[in-house]
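All chains are named by letter (A, B, ...) in the order of the sequence lines, taking the proteins before the strands, and each is independently numbered beginning at 1. Computed over heavy atoms, backbone and side chain alike; hydrogens, waters and symmetry mates excluded.
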Amino acid sequence: MQKIISRDMCNALMVWFDEHRREMPWRGSADPYHIWVSEMMLQQTQVATVEKYFHKWIERFPDVFALANADLENVLKVWEGLGYYTRARNFHKGAKYIVAHTKDKHALFPVNYEDWLKVPGVGPYTAAAVSSIAFKYPAAVVDGNVKRVMARLFCLGDSISTQKYHKMLFEIMNEGFHGHHPGWVNQAWMELGSLQCTPRPNCSTCPLNEHCCAYKNDQVADFPRKSEKKKIPTRYGAAFIIEKDDKVLILRRPEEGFLGGLWEYRIHIKGT
DNA sequence: AACGCGGGGAG
DNA sequence: CTCCCAGCGTT
């Protein structure tokens, strides 16, 4: 079967999306900064959690200048609870990068995929998401949801974590916008993966089931191909909670290495 | 190419 | 409880 997203497929997707898409605080926003904030958070966190942090973030850092001028400690404080704290640091770096590279206030943000990729903390996913949603730039998002959808749609058996696979999907999807707004098409694919083409999908109500290779061959359970699970080593250790005069001792770990830069009680990890 | 990073949800 | 998830920077 040809690995092409036809006009019919794209149209069916968008009809479904118009009816089933979820409302989100940043959806439909014309502010690229708002889009960027939401995508940085959505990289690792589900929509319901991001909604709470998004409002708090925008209130505290209303624009890219507020973020760039803030102290890193304050940035981390607002991010606290989201995890992946290196990303908050990179986001802060990214805001400084944007401000430093601004030529005038009418060209504050990059408007294409390639220039967004240069921003610290912004990789292929975020560059495609922000440039397409905020600037209609035709770059496809290839996130985990999308990979699962495409693996089924085209019966792609190769490992979905390889660069080759990623590049192929990027090219297929970049030819599949068919005149629709790239940002909305991207969001529609992700929404389909999030609501319909889930790990355990409900194919009977899927708008693309007649186009789906895995469904037509009754092989939905075989895609995406399962990857070998990596074994995570268990670390054993002890924590000492040291109190004096109503105060508790906490220490900060070195920036590099395991749990870098995070605060902790006095910990001793066995073997270190 | 492989690894580490932090939470939350599902079973 | 245990398992599963996922983008980016680093090595």
Side-chain angles (χ1 to χ4, degrees), chain A residues 22 35-54 56-57 72 75-97 113-114 116-133 139-152 158-170 173 186-187 189-195 197-202 221 223-235 252-264 267 269 272:
Chain A
R22 295 167 291 181
I35 305 295
W36 188 19
V37 171
S38 71
E39 292 300 342
M40 290 302 290
M41 292 179 174
L42 285 165
Q43 283 174 29
Q44 78 247 14
T45 309
Q46 295 186 318
V47 171
T49 306
V50 168
E51 285 181 344
K52 290 179 274 184
Y53 280 84
F54 179 80
K56 202 168 61 167
W57 188 277
L72 177 59
V75 173
L76 289 169
K77 189 64 187 172
V78 180
W79 192 267
E80 192 173 272
L82 274 176
Y84 283 112
Y85 296 98
T86 298
R87 296 190 190 178
R89 296 188 188 98
N90 284 333
F91 193 10
H92 189 223
K93 274 187 206 167
K96 288 180 177 295
Y97 174 95
Y113 175 77
E114 290 75 17
W116 269 103
L117 263 186
K118 299 172 188 167
V119 180
V122 174
Y125 167 77
T126 310
V130 179
S131 64
S132 69
I133 295 170
V141 291
V142 187
D143 76 339
N145 280 325
V146 168
K147 285 178 183 171
R148 184 176 58 254
V149 173
M150 295 297 155
R152 289 169 175 160
D158 296 340
S159 170
I160 59 174
S161 62
T162 60
Q163 289 178 353
K164 187 179 172 184
Y165 191 100
H166 191 283
K167 185 172 182 290
M168 181 183 71
L169 291 184
F170 188 66
M173 293 177 66
N186 279 333
Q187 291 182 84
W189 283 118
M190 293 190 283
E191 198 84 323
L192 188 76
S194 183
L195 297 180
C197 195
T198 53
R200 267 180 257 222
N202 183 2
F223 299 96
R225 205 209 71 182
K226 301 187 182 0
S227 60
E228 299 103 45
K229 49 203 162 188
K230 57 194 170 190
K231 333 165 174 151
I232 312 243
T234 302
R235 293 171 192 256
R252 192 170 192 182
R253 299 183 62 88
E255 287 294 330
E256 304 299 319
F258 183 58
L259 299 175
L262 299 185
W263 295 88
E264 64 179 13
I267 307 283
I269 308 284
T272 64

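Of the candidates B/dG11, C/dC8, B/dG9, B/dG9 carries the atom nearest the A/Q46 side chain, counting heavy atoms from C-beta on. For A/Q44, the side-chain atoms get nearest to B/dG6 when compared with the rest of B/dG11, B/dG9, B/dG6. Listed candidates were C/dG9, B/dA1, C/dC8. Nearest to the side chain of A/T126 is C/dC8. The A/Y85 side chain lies nearest to B/dG7 when the options are C/dC8, B/dG9, B/dG7.
If you take CG of A/L42 and C1' of B/dG9, they are 16 Å apart, rounded to a whole angstrom. One interatomic measurement links the two molecules: OH of A/Y125 to C1' of C/dC5, which rounds to 14 Å at whole-angstrom precision. In this structure, A/R200 places its CZ atom 11 Å from P of C/dC4, rounding to the nearest Å. We find that CD of A/E80 is positioned 17 Å from C1' of B/dG8, with the value rounded to whole Å. In this structure, A/W36 places its CH2 atom 13 Å from P of C/dC8, rounding to the nearest Å. One can place CD of A/Q43 at 18 Å from P of C/dC5, the figure rounded to the nearest angstrom. Rounded to whole Å, the distance from CE on A/M40 to C1' on B/dC5 is 14 Å. The distance between atom CG of A/L82 and atom C1' of B/dC5, rounded to the nearest whole Å, is 13 Å.
Looking at every heavy atom in both residues, A/R148 comes nearest to A/P199 through NE-N, 3.6 Å.
The 5' end of DNA chain B is approached more closely, in terms of each residue's nearest nucleotide, by A/K164 than by the other of A/K164 and A/R89.
Ring orientation note: the planes of A/F91 and A/W36 are nearly perpendicular, at an angle over 60° on the 30°/60° scale.
A/T49 has no side-chain polar atom (N or O) that falls below the 4.0 Å cut-off from OP1 or OP2 of B/dG7.
As judged by a 4.0 angstrom heavy-atom cut-off over every strand, A/P199 is placed among residues making no nucleic acid contact.
Across B/dG6 and C/dT11, the matching P atoms stand 16 Å from one another, rounded to whole Å.
Residues A/F170 and A/Y165 place their aromatic rings such that the two centres sit no closer than 6.0 Å. The distance between the ring centers of A/Y53 and A/W79 does not fall below 6.0 angstrom.
For the pair A/T198 (side chain) and A/S194 (backbone), a donor-acceptor distance under 3.5 Å is absent.
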